[in-house]
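Here the structure is a predicted model, which is why all the values come from computation and not from measurement. Side-chain atoms are counted along with the backbone in the values below, which use heavy atoms only and exclude waters and symmetry mates. Reminder, nothing fancy here: chain letters follow the sequence lines and each chain counts from 1.
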2 protein chains.
Amino acid sequence: MERKEKVNERKTSRGRQRIEIKKIEKETARQVAFTKRRQGVMKKASELAALCGAEVVIVTIS
Amino acid sequence: MERKEKVNERKTSRGRQRIEIKKIEKETARQVAFTKRRQGVMKKASELAALCGAEVVIVTIS
DNA sequence: TACTCTATATTTAGTGC
DNA sequence: GGCACTAAATATAGAGT
């Protein structure tokens with residue numbers, strides 16, 4: 001299906017919200033945050049390695 | 001000394017520029033990028049750990 | 001060398017499919 | 001559970017101190 005079909009849709013997103021840095025209690029939300037953020041950390045780490053010729057090892061448990 | 005003294009200074013920054021993800025050849029620039037970005041990766045990792053109750057270990061060499 | 005500042009690039013919370 | 005999207009939060013390149 002079409003990627004963008006914003007024709008005359010109302011905005012449905014309030015964009016990124018600020019969150020407190022404390023454990024997310026809701027299981028599913030925590031899982032989602034973990035997936036997204038692990039990806040982000042990995043990307044940043046790859047960039048660090050590539051840009052600076054450094055070795056970066058990351059281990060995430062759970 | 002004062003943090004902000006922008007009184008009637010011209011803008012001196014073009015803001016964050018886009019860079020290519022390849023090894024930075026200039027030694028000093030690479031060192032600066034390494035310092036800034038390692039800090040950033042560490043912060044992201046801490047947040048991941050705090051938010052998701054995960055264990056994150058990062059090792060950076062050089 | 002490390003820190004500050006500004007403008008802009010990038011990440012991601014919330015939402016829908 | 002994952003992908004796509006939007007808009008706001010955050011990281012950071014470049015320049016100055």
For [X] and [N], give me the distance from atom [atom1] to atom [atom2], rounded to whole Å.
X: B:L48; N: C:dT11; atom1: CG; atom2: P; result: 15 Å
X: B:Q39; N: D:dT12; atom1: CD; atom2: C1'; result: 10 Å
X: B:M42; N: D:dA11; atom1: CE; atom2: P; result: 15 Å
X: A:E47; N: D:dT10; atom1: CD; atom2: C1'; result: 14 Å
X: B:L51; N: C:dT11; atom1: CG; atom2: P; result: 17 Å
X: A:R14; N: C:dT12; atom1: CZ; atom2: C1'; result: 14 Å

Ignoring backbone atoms, test whether [X] places a side-chain nitrogen or oxygen under 4.0 Å from the OP1 or OP2 oxygen of [N].
X: B:K43; N: D:dT10; value: no
X: A:R16; N: D:dC5; value: no
X: A:K36; N: C:dG14; value: no

Looking at every non-hydrogen atom in both residues, tell me the closest pair between A:A45 and B:V41 and how far apart they are.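 Answer, listing the atom of A:A45 first, then B:V41: N-CG2, 4.0 Å.
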
Kindly give the heavy-atom pair with the smallest separation between A:S62 and A:F34, and that separation in Å.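 Residues A:S62 and A:F34, closest heavy atoms: O-CZ, 3.0 Å.
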
Could you tell me which residues satisfy salt bridge (charged side-chain N to carboxylate O under 4.0 Å, His left out) with A:R30, sequence neighbours excluded, listed by chain and number?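 With sequence neighbours excluded, A:R30 shows a salt bridge (charged side-chain N to carboxylate O under 4.0 Å, His left out) to A:E27, given in chain and number order.
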
Do A:S13 and C:dG14 share a donor-acceptor pair, side chain to base, under 3.5 Å?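 Answer is yes: a donor-acceptor pair is held.
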
Give, ordered by number, those residues of residues 17-33 of chain B having at least one heavy-atom distance below 4.0 Å to an atom of DNA chain D; if nothing qualifies, reply none.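 Going residue by residue through residues 17-33 of chain B, the ones with a heavy atom under 4.0 Å of DNA chain D turn out to be B:Q17, B:I19.
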
Measuring from atom CG of A:L51 to atom CD1 of B:I19, what distance do you get when rounded to the nearest 0.5 angstrom?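 Atom-to-atom, A:L51:CG and B:I19:CD1 are 4.5 Å apart.
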
Joint hydrophobic cluster, B:V32 plus A:L48, side-chain heavy atoms closer than 4.5 Å: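 Hydrophobic grouping puts B:V32 apart from A:L48.
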
Decide yes or no for B:E47 and B:K43: does some side-chain heavy atom of the first lie under 4.5 Å from some side-chain heavy atom of the second?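 A side-chain contact exists here, since the closest heavy-atom pair is under 4.5 Å.
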
